[in-house]
Amino acid sequence: MLSHRLLIRSGYISQLGAGIFSFTPIGWRVIEKIKDIIRSEMNSIDCYEANFPVIQPSDIWEESGRIDSFIPPLARFTDRRDKIMIIAPTHEESVISMVRSEVNSYRDMPFSLFHIQTKFRDETRPRGGLLRVREFEMKDAYSFHSNQESLDEVYEEFSKAYFNIFNRCGIDVIKVAADSGAIGGKVSSEFISIAENGEDTILKCDECLYAANEEKAEFKKIIKNDSENFMEKSEKETPNIKSIQDLTNFFSLDAHYFIKTMVYFSGKKPILVSLAGDLEVNETKLRNLLGDDVRLADNDEIIQLGLVPGFISPINNDFDLIVDDSINLKADYIVGSNRNNFHIEGISPSKEFNIKHYEDIAKAKKGDLSVDCDESKCKGMNEYKGIEVGHIFKLGDTYSQKMGLNFSDTEGKQKSVEMGCYGIGVGRLLAAVIEANSSEKELVLDKNISPFQVYLVNLNSDNTEVKEVSNSVYSDLINSDYDVLFDDRDEGPGVKFSDYELSGVPVRIVISKRSLENSEVEILERGKEDFKMVKIKDINKELSKLI
RNA sequence: CGGGGAGUGGCGCAGUUUGGCAGCGCGCCUGGUUUGGGACCAGGAGGUCCCGGGUUCGAAUCCCGGCUCCCCGACCA
């Protein structure tokens, strides 16, 4: 991963363990600048900074019900009194615990709080340097409301502030509809920086601007017409024809005329999942329906359940059956027979299926029309890879109900507080910025977050004049309140220039014997091919144009 | 959790097959020469060979057990 290599080579970070990194002084300066930008944008929407503990008593996690259900499992230890302590992966519980004794009336709201705090999530596999780590700093904000409309309004304010934050850090992001995962809640949006090697896949219609994480994306399905009830129910021999691809060739019919049936386990319970033959299962949607402990059965398990891989049938068995809404219950389909080398045609789900859930559990893909698409204008969604740099949620009253965060409304009735929560991974944001703008040779940071404003280099550093002039230029710059990194090492130009390139600093000033022949220095703006010769007395004037 | 790989001066690695003085490159220290794109000469320092146990006259090397890290997958704000 480019950002990982650059962060190590530039000496910004150092690894201590799997997914656990230290920041060096230069790396930390960048982190602090990013946090300052976040703070200023939070302040501008009247979100106040607070602080919540990293180590928390387990009681509040029992109240919220997440003590055993959070994924990845909570990191915990026992203190000297044998009390279970949690190393917090997120802070809804602690915020609510503080706020619930203060909030009594609708008049107390809305308000919002944020903090920038270390969190620990014991991820199964950390990867990509700062992109997926176990210990990380996150800015998280929480908003509190007496009604849904207020939450909607503030959610939009945060959304705007988020665009400002990412733009000020030097990246473009797109906002996409997202699955809310372990945090929960009804509505959530992710902010994605498009990047080739990003972990998230998003689908976006470039015409109507619908955009969603693949996990969440909803799309228009090709649904078989009722009137195509042309099939008599009968078994057909389909020798060694197992895949939908083979079936479409064998029958000369489109894939959506077939029903594909998959076997999953929800915990230890087997579940059949049926969907139109042209679609794949979206396991996130399935998990939201059945709970977190869902996985695809393997071949041996399928056989042990008495099912025949390649010919699994949604009928004639007692398993729970989930049917995707791509299937028209009144139409006729070709399905597996659960007998080797046979399929059955003319099966009408409304008559034959014993359906437990009928919902959208299919995965959208490139080219599908989104639910918002206008068929006459839109050409189907494009697929992009990206890095999730922020995620905001409308939590509603899920947590406030569980933890008793109530208030009296205008009529004096007790109600649960409506909440929103809003996260940004600080280190991940830095990695995303680097991924977006840098190259193998050069670490590029926007001047708003660069560790210094100026990289001052002297060449021929044993030359008295060079030494004196560069020292005095350095003091002048410092006195003019510039952040300056002064590279006065006794090294050759090659070493100093390549270290500059890795430093992320946007402006380079070179002072050498040669440049001093005309009482000048070189000023190079990162990204420009050529430097500019500037009289010593004009350095400040020139810098003010660049910084 | 499944599959694969690795652990030897600060960093990167060789040595392990076939047991026999602990090596190389970079970096570091001293002195000197160099100085507009990662310089050179000379001298020098620095190691519980991941940990524990076993075999052996002798283990970085063989055997058993454990730990850690990396990559792919599964999973995941």
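A note on names: the letters A, B, ... follow the listed sequences, proteins ahead of strands, and every chain is numbered from 1. In what follows, every heavy atom counts, from backbone to side chain, and hydrogens, waters and symmetry copies are set aside.
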What does the list of N/O pairs under 3.5 Å between the protein and nucleotides 37-44 of chain B look like, with a distance for each?
| from | atom 1 | to | atom 2 | distance (Å) |
| --- | --- | --- | --- | --- |
| B:G37 | O4' | A:Gly494 | N | 3.2 |
| B:G37 | N1 | A:Glu501 | OE2 | 2.9 |
| B:G37 | N2 | A:Glu501 | OE1 | 2.8 |
| B:G37 | N2 | A:Glu501 | OE2 | 3.4 |
| B:G38 | N1 | A:Ser498 | OG | 2.7 |
| B:G38 | N2 | A:Ser498 | OG | 3.2 |
| B:G38 | N2 | A:Asp499 | OD1 | 3.1 |
| B:G38 | N3 | A:Ser498 | OG | 3.1 |

Report task. Could you measure between the two C1' atoms, the one in B:C51 and the one in B:C67, and give it in whole Å? Result ->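 To the nearest whole Å, 7 Å.
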Query raised in the report: Does B:G37 pair with anything, Watson-Crick or G-U wobble, both distances under 3.5 Å, and if so, with which nucleotide?
Result: none
Report summary line: Scanning all shown strands, the Watson-Crick or wobble mate of B:G23 with both distances under 3.5 Å is B:C13
**Report entry** Sole residue of A:Lys441, A:Arg9, A:Arg489 in salt bridge (Lys or Arg N to Asp or Glu O under 4.0 Å) with A:Asp499
**Finding:**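 Exactly one candidate clears the test, A:Arg489.
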Requested in this report: Can you label the angle between the A:His115 ring and the A:His91 ring as parallel, tilted or perpendicular, going by 30° and 60°?
Outcome: perpendicular
Query raised in the report: Should we count NZ of A:Lys175 as having more than 12 external heavy atoms under 6.0 Å?
Result: yes
**Report entry** Whole angstrom value for the distance that separates C1' of B:A77 from CG of A:Asn288
**Finding:** 14 Å
Report task. Calculate the interatomic distance between A:Asp490 atom CG and B:U35 atom C1'; express it in whole Å. Result -> 8 Å
Query raised in the report: In the strands shown, is B:G43 matched to any nucleotide by a Watson-Crick or G-U wobble pair with both distances under 3.5 Å, and which?
Result: B:C29
Report task. With C1' as the reference atom in both, quote the distance from B:G5 to B:G9 in angstrom, rounded to an integer. Result ->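 About 24 Å, rounded to a whole number of Å.
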Query raised in the report: Starting at CZ of A:Arg428 and ending at P of B:C76, how long is that distance when rounded to a whole Å?
Result: 14 Å
Query raised in the report: Taking atom types as modelled and ignoring hydrogens, do the side chains of A:Lys216 and A:Asn282 form a donor-acceptor contact shorter than 3.5 angstrom?
Result: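 The criterion, which ignores hydrogens and geometry beyond distance, is not satisfied for A:Asn282 and A:Lys216.
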Query raised in the report: P atom, B:A77 versus B:C50: distance in rounded Å?
Result: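 Each nucleotide's P atom is 38 Å from the other's.
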Requested in this report: Please report, rounded to the nearest Å, how far the P atom of B:U35 is from the CG atom of A:Asp462.
Outcome: 9 Å
Query raised in the report: If the P atom of B:A45 is compared with that of B:C29, how far apart are they to the nearest Å?
Result: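 Pairwise P distance, B:A45 against B:C29, rounds to 15 Å.
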Query raised in the report: In whole angstroms, how far is the P atom of B:U35 from the CG atom of A:Leu459?
Result: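 Spelled out: CG on A:Leu459 to P on B:U35 is 12 Å.
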Report summary line: Rounded to whole Å, CG of A:Asp179 lies from P of B:C76 at a distance of 9 Å
Query - Euclidean distance, atom CZ of residue A:Arg514 to atom P of B:U35 [Å, nearest integer] - result: 14 Å
Report task. Determine the Euclidean distance between corresponding P atoms of B:C21 and B:U30; express it in Å to zero decimal places. Result -> 34 Å
Query raised in the report: Given atom CD1 of A:Ile8 and atom P of B:G12, what is their separation to the nearest angstrom?
Result: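 One finds 10 Å between P of B:G12 and CD1 of A:Ile8, rounded.
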Query raised in the report: Does a side-chain N-to-carboxylate-O contact under 4.0 Å join A:Glu280 and A:Lys260?
Result: yes
Query raised in the report: With a non-hydrogen cut-off below 4.0 angstrom, is A:Tyr500 in contact with a base, only sugar-phosphate, or nothing?
Result: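 No contact.
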Query raised in the report: For atom C1', what is the distance between B:U8 and B:U16, given to the nearest Å?
Result: 11 Å
Query raised in the report: Using atom P of each nucleotide, how far apart are B:G32 and B:G23 to the nearest Å?
Result: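 It works out to 31 Å between them.
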Query raised in the report: On a whole-Å scale, what distance lies between the C1' atoms belonging to B:G52 and B:G7?
Result: 16 Å
Requested in this report: Pick base, sugar-phosphate or nothing for A:Phe120, based on heavy-atom distances below 4.0 Å to the nucleic acid.
Outcome: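 The answer is nothing, as A:Phe120 stays clear of every strand by at least 4.0 Å.
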Query - A:Ser515 (side chain) donor-acceptor with A:Ile511 (main chain) under 3.5 angstrom - result: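 No.
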Report task. Would you kindly check if the NZ (Lys) or CZ (Arg) of A:Arg29 is within the cone defined by 45 degrees around the ring axis of A:Phe452 and under 6.0 Å from the six-membered ring centre? Result -> yes
Query raised in the report: Are the side chain of A:Ser461 and the backbone N or O of A:Asn458 linked by a donor-acceptor pair below 3.5 Å?
Result: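 Such a contact is absent between A:Ser461 side chain and A:Asn458 backbone.
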Report task. Please work out which of the three classes, parallel, tilted or perpendicular, describes the rings of A:Phe393 and A:His391, given edges at 30° and 60°. Result -> parallel
Report task. Evaluate the salt bridge (charged side-chain N to carboxylate O under 4.0 Å, His left out) criterion for residues A:Arg526 and A:Glu501: first the C-alpha distance (whole Å), next the side-chain angles of each, then the deciding distance (0.1 Å), finally the verdict. Result -> CA-CA 8 Å; A:Arg526 191 183 289 278; A:Glu501 276 145 19; over 6 Å; no
Query raised in the report: Quick one: ring pair (Phe, Tyr, Trp, His ring centres under 6.0 Å) pairs with a partner in residues 494-528 of chain A, sequence neighbours left out?
Result: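 Output for this query lists A:Tyr455-A:Tyr500.
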Listing time: all N or O pairs from protein to nucleotides 66-75 of chain B that are below 3.5 Å?
| from | atom 1 | to | atom 2 | distance (Å) |
| --- | --- | --- | --- | --- |
| B:C69 | OP1 | A:Ala18 | N | 3.0 |
| B:C69 | O3' | A:Gln15 | NE2 | 3.3 |
| B:C70 | OP1 | A:Gln15 | NE2 | 2.7 |
| B:C72 | OP2 | A:Arg125 | NH1 | 3.1 |
| B:C72 | OP2 | A:Arg125 | NH2 | 2.7 |
| B:A74 | N1 | A:Thr124 | OG1 | 2.9 |
| B:C75 | OP1 | A:Glu283 | OE1 | 2.8 |
| B:C75 | O2 | A:Thr124 | OG1 | 2.5 |
| B:C75 | N4 | A:Arg127 | NH2 | 3.3 |

Query - Residue matched to B:G2 through Watson-Crick or wobble contacts both under 3.5 angstrom - result: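 By the stated definition (distances under 3.5 Å), B:C72 pairs with B:G2.
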